[in-house]
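The shown structure was predicted, so the numbers you read here are calculated from the model rather than taken from an experiment.
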Amino acid sequence: MDEAPVTFESEDIEEDMEDHNDSLVLTLRVAGCNIKKILIDGGSSINVLFYDTFKRMELNDEHLMISYYTIYGFNEASTKPLGDIVLQVDAGPTKVDTRFSVVDAPSPYNAIIG
């Protein structure tokens with residue numbers, strides 16, 4: 001499996017882009033579903049799949065593994081995941097089994113990948 005990092009060099013920045021610090025938001029194929037609005041957050045130590053997206057993917061709670069931890073700081077409060085799930089994420093030719101914490105919380109994103 002190829003795990004080549006996605007990187008950008010200073011030569012990739014166009015002159016009119018220098019003052020931008022926009023978030024990286026992608027559409028990726030996750031477990032066979034095209035999921036839009038996935039925030040790529042290199043500062044996050046976990047991957048989050050929001051529960052409404054989980055349900056729209058036609059996954060059900062029996063697929064969840066028990067999680068014994070609490071997430072701090074992601075929505076300015078402590079959050080207990082509903083559980084964890086491992087799903088295949090396809091990014092171009094790269095396919096990676098990725099562990100997600102499923103969280104029932106409002107978000108403008110469908111998932112966050114750290």
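- Residues passing the side-chain contact (heavy atoms from CB on, under 4.5 Å) test with Thr70 are Tyr72, Ser78, Lys80, sequence neighbours excluded.
- Scanning all heavy atoms of the two residues, the minimum distance from Tyr109 to Phe50 falls at O-CD1, 3.5 Å.
- The ring pair (Phe, Tyr, Trp, His ring centres under 6.0 Å) search around Phe54 returns Tyr51, not counting sequence neighbours.
- Looking only at side-chain heavy atoms (C-beta outward), Ile35 and Met57 come within less than 4.5 Å of each other.
- With rounding to the nearest 0.5 angstrom, the CG atom of Leu59 is 8.5 Å from the CG atom of Leu64.
- Rounding to the nearest 0.5 Å gives a distance of 12.0 Å between NZ of Lys55 and CG of Leu49.
- Residues satisfying the side-chain contact (heavy atoms from CB on, under 4.5 Å) test with Val86, not counting sequence neighbours, are Met65, Asp97, Arg99.
- Side-chain atoms of Asn110 do not come within 3.5 Å of backbone N or O of Ile38 as any donor-acceptor pair.
- Evaluation of the salt bridge (charged side-chain N to carboxylate O under 4.0 Å, His left out) rule for Arg29 yields no partner, not counting sequence neighbours.
- Taking CD1 from Ile46 and CD1 from Ile112, the interatomic distance works out to 8.0 Å, rounded to the nearest 0.5 Å.
- Scanning for salt bridge (charged side-chain N to carboxylate O under 4.0 Å, His left out) contacts around Asp41 gives an empty result, with sequence neighbours left out.
- To the nearest 0.5 Å, atom CD1 of residue Ile66 and atom CG of residue Leu82 are 12.5 Å apart.
- In this structure Asp104 satisfies the salt bridge (charged side-chain N to carboxylate O under 4.0 Å, His left out) test with no other residue, sequence neighbours excluded.
- Judged as a side-chain contact (heavy atoms from CB on, under 4.5 Å), and not counting sequence neighbours, the contacts of Tyr69 are Ser67, Ile71, Pro81, Asp84, Ser101.
- Checking each of Ile113, Thr53, Val48 against Phe100 for a side-chain contact (heavy atoms from CB on, under 4.5 Å) leaves exactly one that passes, namely Ile113.
- Partners of Leu26 under the side-chain contact (heavy atoms from CB on, under 4.5 Å) rule, at least two apart in sequence or in another chain, are Leu24, Leu28, Ile40.
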